[in-house]
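Heads up: the structure comes next, in structure tokens.
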Amino acid sequence: RYEVSVAATGVITLEGESNADTNLRVTKTFSADLERDALRLEYEMTNTGREPVQWAPWEITRMPANGLAFWPTGGEPFGSQPLASQAAHGLTWCDPTKTNGEGKLFADGAGGYLAYVVGDRLLLKQFQDVPASAAAPNEAEIELYVNPDHSYIEVENQGAFASIAPGQTVRWQVTWYVRKLPSGVAASVGNPDLVAFVAQT
């Protein structure tokens, strides 16, 4: 459970209870970055136990499963049941409609962002890039999951797996940009105009 507070500046803070299973207390802070027309999300994990623990922050965003995901390629996608993907212009592209049934893709990114387009709307999640060696066991910096009936896709980004000492707080920041694609910029695999628009954003 979270205790919610809203500051006069509009900053929303959700402070979680300590969890007995993980020995973590999670705090989430949401604030508007008016200069960049973006939403800043900061996550904090505090070790409330008496022994060091190891965790990675993990953000899961559910979206309609009829869009297009892409990110700068850091490594070849993997998984026992991966979604169909392809490489173009230094990025990995994944259209969930090209996968039949349930699927889960894992991949290392390279440029610190994960983008997802539905129609002419773009969600761009920006975060600190972490090497594949810093991923949690059996996890990855970039993950995509589509459920069996394709009613949603989970667009997931994950931070570094690290030891958290008793009383220590680990912070992880993600910035969200939501944009309408400019006229003439198609949400298609390998489209250089789409890549340029994301880079400009």
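Please read all numbers here as calculations on a predicted model, not as lab measurements. For the single chain, residues carry numbers from 1 onward in sequence order.
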Is there a donor-acceptor pair closer than 3.5 Å between any side-chain N or O of H150 and the backbone N or O of G101? yes
Any sub-3.5 Å donor-acceptor pair from E141's side-chain atoms to Q158's backbone N or O? no
If you round to the nearest 0.5 Å, how far is CZ of F197 from CG of L124? 9.0 Å
Same cluster for L194 and M63 if Ile/Leu/Val/Met/Phe/Trp/Tyr side chains link at under 4.5 Å? no
Quick one: does Y116's side chain have a donor or acceptor within less than 3.5 Å of a partner on P64's backbone? yes
Between L14 and V6, is there a shared hydrophobic cluster once you connect ILVMFWY residues whose side-chain heavy atoms come closer than 4.5 Å? yes
Roughly how far apart are I12 CD1 and S5 OG, rounded to 0.5 Å? 9.5 Å
Spacing of CD1 belonging to I142 relative to CG belonging to L114, to within rounding of 0.5 Å: 4.5 Å
Check against side chain to side chain contact (heavy atoms under 4.5 Å, CB included), L91 and W71: CA-CA 5 Å; L91 286 86; W71 61 92; 5.9 Å; no
Closest contact, heavy atoms only, A186 versus N191: O-ND2, 2.8 Å
Residues two or more places apart in sequence or in another chain: which of them pass side-chain contact (heavy atoms from CB on, under 4.5 Å) with T9? A7, V11
Under the side chain to side chain contact (heavy atoms under 4.5 Å, CB included) rule, what do V4 and T13 come out as? Steps first, then yes or no, please. CA-CA 6 Å; V4 182; T13 302; over 6 Å; no
For Q128, does the CD atom sit with more than 12 other heavy atoms under 6.0 Å from it, leaving out its own atoms? no
Is the shortest distance from a Lys or Arg side-chain nitrogen in K104 or E143 to a carboxylate oxygen in the other one below 4.0 Å? yes
Value rounded to 0.5 Å, distance of OG in S163 from CD in Q168: 7.0 Å
Transitively linked via ILVMFWY side-chain contacts under 4.5 Å: Y43 with V130? no
Taking all heavy atoms of S188 and all of L68, pick out the closest pair and write down the distance. C-CD2, 3.8 Å
Minimum heavy-atom distance A32-L39, with the two atoms named: N-CD1, 4.5 Å
Going by side-chain hydrogen bond (donor to acceptor under 3.5 Å, both in side chains), Y145 matches just one of E156, E102, R62. Which one? E102
Please check: side-chain N/O of K98 versus main-chain N/O of L83, any donor-acceptor pairing under 3.5 Å? no
Find out whether the Lys NZ or Arg CZ of K28 is both under 6.0 angstrom from the six-membered ring centre of F30 and within 45° of the ring's axis. no
When hydrophobic residues are tied together by side-chain contacts of less than 4.5 Å, even through go-betweens, does V195 share a cluster with V117? yes
Under 3.5 Å: donor-acceptor pair, side chain of N147, backbone of S151: yes
Using the rule that Ile, Leu, Val, Met, Phe, Trp and Tyr join whenever any side-chain heavy atoms are under 4.5 Å apart, tell me whether V174 and V178 fall into a single cluster. yes
Check: L24 main-chain N/O paired with T22 side-chain donor or acceptor under 3.5 Å: yes
N47 side chain to I164 backbone, donor-acceptor under 3.5 Å: yes
Nearest 0.5 Å please: distance from the CZ atom of F106 over to the CZ atom of F78. 6.5 Å
Can you tell me if N138 has over 12 outside heavy atoms packed within less than 6.0 Å of its CG? no
Mind checking the CG-CH2 spacing from N23 to W55? Nearest 0.5 Å is all I need. 9.0 Å
